[in-house]
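Report on one structure; see the data block that follows.
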Amino acid sequence: MRLAVLCFMACAVLPSVSRAQAPVFEITLVECSIKFDAEASVSIKGAFDKWDATLTFTSPDLSTGVLEIRIHA
């Protein structure tokens, strides 16, 4: 009984070796830029200099990608 409980605890606490890790990509400022262009009574154009972004996939399927962008205004 103790062995069964120990095995259950080890499986619950330790990550599975067979599970593939979802890829996470960090998008860097060197490779990309975020620009904006707004038309109102005047034309406003600019770019954000401070931001960071990540692209995370929850499975090998490309449709599960989540892009998270944080702009430091």
Side-chain angles (χ1 to χ4, degrees):
M1 181 66 176
R2 287 184 184 180
L3 181 60
V5 171
L6 181 62
C7 289
F8 176 76
M9 293 290 287
C11 290
V13 174
L14 299 175
S16 175
V17 175
S18 64
R19 257 189 255 166
Q21 293 290 329
V24 176
F25 300 96
E26 183 177 336
I27 302 166
T28 63
L29 295 170
V30 175
E31 301 166 349
C32 304
S33 63
I34 300 176
K35 298 178 181 180
F36 62 89
D37 185 3
E39 292 286 334
S41 59
V42 294
S43 179
I44 302 171
K45 294 181 181 182
F48 294 105
D49 295 328
K50 296 180 182 179
W51 58 272
D52 49 277
T54 56
L55 180 59
T56 305
F57 292 93
T58 57
S59 75
D61 182 16
L62 294 179
S63 66
T64 64
V66 176
L67 176 63
E68 183 179 343
I69 301 171
R70 290 175 299 280
I71 298 173
H72 309 278

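Taking the six-membered ring for Trp and thresholds of 30 and 60 degrees, Phe57 and Phe25 have ring planes more than 60 degrees apart, a perpendicular arrangement.
Using a 4.5 Å heavy-atom threshold, the side chains of Asp37 and Ile44 count as separate. Leu67 places none of its side-chain heavy atoms less than 4.5 Å from the side chain of Thr54. Side-chain contact between Phe48 and Ser33: absent, with no pair of heavy atoms (C-beta onward) separated by less than 4.5 Å.
To the nearest 0.5 Å, the span separating CD on Glu68 from CD1 on Ile27 amounts to 10.5 Å.
In this structure, a donor-acceptor pair under 3.5 Å is absent between the side chains of Asp49 and His72.
Surrounding CD of Glu39 are more than 12 heavy atoms belonging to other residues, nucleotides or ligands, all under 6.0 Å away.
A chain of hydrophobic side-chain contacts below 4.5 Å, direct or via other Ile, Leu, Val, Met, Phe, Trp or Tyr residues, connects Ile69 to Phe36. There is a path of hydrophobic side-chain contacts, each under 4.5 Å, that joins Ile71 to Leu55.
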